[in-house]
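Below is one structure, written out as structure tokens, with a few remarks after it.
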Amino acid sequence: MGSFDLGVGLAFWLMCGSVILCIVYGAINWNKDKEEKVLDTSSWDKDEDKINEEL
Amino acid sequence: MGIIENIIIIVYLGALGYLGFVGYKQTRNSADYLLAGRNTHPFVMAMSYGATFISTAAIVGFGGVAAWLGNSILWLTFANIFIGIFVAFVFFGNPTRKMGLRLNAHTFPEFLGKRYRSKGIQMFGGLLIVIFMPLYASAVLIGGTQFVSAYFQVDYHMALLVFSIIITGYVLAGGLKGVMLTDALQGVIMFMAMAILLAMTIYSLGGMDSAFAKFSTVWDHTVAPLAHTSLKDLKPGSADFMMKLSMNWGFQGWHKMPLFFSEGWLFMITTITMGVGIGVLAQPQLVVRFMTVKSKNEINRAVLIGGIFIFVTMGVAYMVGALTNVWYYEFNEGKNALQSAGSIEKVIPHFINVAMPKWFSFVFLFALISAAMSTLSSQFHTMGTAIGRDFFEQIGNKQYNSMKITRIGVVVMIVISVTLGYMFNNQPAIIARSTAVFFALCASIFLPSYLGGLFWKRMTRQGAIFSMFIGAFVSSFWLLFVHFQEAKVLGLCKALFGVDSLLSGKIIYVDALLIALPLSSLSAVVVSVLTKPEDKKHIDMCFND
């Protein structure tokens, strides 16, 4: 991309860098979450009326 | 149309119908209809987010802007990937999902309303969506319908009606599940079409480096000679007029940034890059997608998928948009893109017709229809939930069936949007600006309350309400009376004061978001600090599992 000036070249490489960041982040954290049990949606369904009442 | 084209259309419509039916079968309660049951697959979530985000205007409109103003628009792609995907998903995604679940929120206005325990905030958010989103939806509707009517040679009004009925069918039946499943299919079509487009464009120009290296030659031969011509000597709206205007604004070539702090620089950085790039963080139809997944894992996986999707779809549209200048120069008697196609919005369709094989025109048409339908279905669903769940249900203390109310709301809002599509078909300027207006309003009104609500326990209801009013007032004032595009098109400033803008100079090129967002954020902080903290029990419920 040698034909771009500094500003456009920076945008181009930042764009490419952002995609790589998304890929690396997604791959590293693909299966890292341990919170599923804490926020179980089935228990939320059951408690819907109670939550609404408290709010 | 040949038999193969007919078969493909039938298969496409059949697939949409099937996915709408799957959504319908899996929808049993309001959480299913409004939040897709909170168990959406990360691929579907990411593709739905991306396909909703990218409408026909993003491909054809901004692609045309890239042909006009060049590759400085790549700053927008960077902002869309970094802010719209990475920051949005990594920093906003999981906190939104968890707080939404704790508070039993089904929509974005409801999320804010329950965080601040204010029905008024929920109703105000819903009302804002009901007032401004139909204009944005009608802009997408008009864009998609125009392509359908032009390609199939059918009456615009008939195309608008058929187009709307198809979308209504699967939004109404399948709720958000139907919307997201069809979005994912449409996202795949968009992704494939844009990848093919980039490969074929680069191949026809002899490789990437070779193609980009020709920008300065094309500029020197087709635009630089206008340097000594006055804008007054050119026909307004003509290709040379637009290129001369870009020179006057500080643009120096398709491979260069406009001069620092020139009108063009302010327009490209504040309106296009920051207005759209930051505005996306507080889009109700996008935020709600974070609440459709069951864990942080799905959001993490969606970062990877969404990042690649936006890069391939938007990045390609903008790079190809700028490269059309080189293609036309090589293959169309030394002319640039605007000289060849006639106007900004015609560049991409014209390029597809003359530079690509016939079969690809059909594929690209599907990509454009998919882009329009995926954005529209999400808008219709969001507008339906806004008028039904966020507004109508909050009036009085009567309990309603959320699914039924939302379905009625969807129908009402589709009728309004289609009516606007009929009314404003011949006034593209007002409709085109409505997208920017909606983005600016959403960011300046919702973002401080959303951000503060997620991360700052000290943020109070009064702070949220005050910041929303300041955001609404300042951004409306800027759009109606100052900004060079909206103030001129909307015409209120001219009618009241006899001028297009109350201010003059470069300030009128600064986007409303850059003025309104700092003020609404500041008011949120100041008022929150000065008012009584929210009840500890409620804050614990919002923030703790």
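The figures here come from the full heavy-atom set of this structure, side chains too, leaving out hydrogens, waters and symmetry mates. By convention in this document, chain letters (A, B, ...) are assigned in the order of the sequence lines, proteins followed by strands, and residues within each chain are numbered from 1.
- Atom OG of residue B:Ser216 and atom CG of residue A:Asp5 lie 11.5 Å apart, to the nearest 0.5 angstrom.
- With respect to chain A, the highest number of heavy-atom pairs below 4.5 Å among B:Leu76, B:Ile308, B:Val90, B:Ile299 belongs to B:Val90.
- Proximity to chain A is limited to the side chain of B:Phe215, based on heavy atoms less than 4.5 angstrom apart.
- A:Asn29 places no side-chain N or O within 3.5 Å of a backbone atom of B:Asn300 that could act as its donor or acceptor partner.
- Contact count against chain A (heavy-atom pairs under 4.5 Å) is highest for B:Met257 among B:Met257, B:Met319, B:Gln252.
- With A:Cys22 as the fixed residue, the side chain to side chain contact (heavy atoms under 4.5 Å, CB included) test singles out one of B:Ile310, B:Ile85, B:Ile305: B:Ile85.
- In this structure, A:Tyr25 OH and B:Arg301 CZ are separated by 12.5 Å, a value rounded to the nearest 0.5 Å.
- Residue B:Lys256 comes nearest to A:Val8 through the heavy atom pair C-CG2, 3.5 Å, listed as atom of the first residue, atom of the second, then distance.
- When each of A:Gly26, A:Gly17, A:Ala11 is scored by its heavy-atom pairs under 4.5 Å with chain B, the top score falls to A:Ala11.
- For the set B:Phe311, B:Phe86, B:Trp254, the entry with the most heavy-atom pairs within less than 4.5 Å of chain A is B:Phe86.
- In this structure, CG in A:Leu10 is found 4.0 Å from CH2 in B:Trp75, a value given to the nearest 0.5 Å.
- Applying the 6.0 Å contact sphere to CZ of B:Phe261 captures no more than 12 heavy atoms from other residues, nucleotides or ligands.
- For B:Met274, the CE atom is loosely surrounded, since the number of other residues' heavy atoms within 6.0 Å does not exceed 12.
- Taking 4.5 Å as the limit, some side-chain heavy atom of B:Asn71 sits within range of a side-chain heavy atom of A:Phe4.
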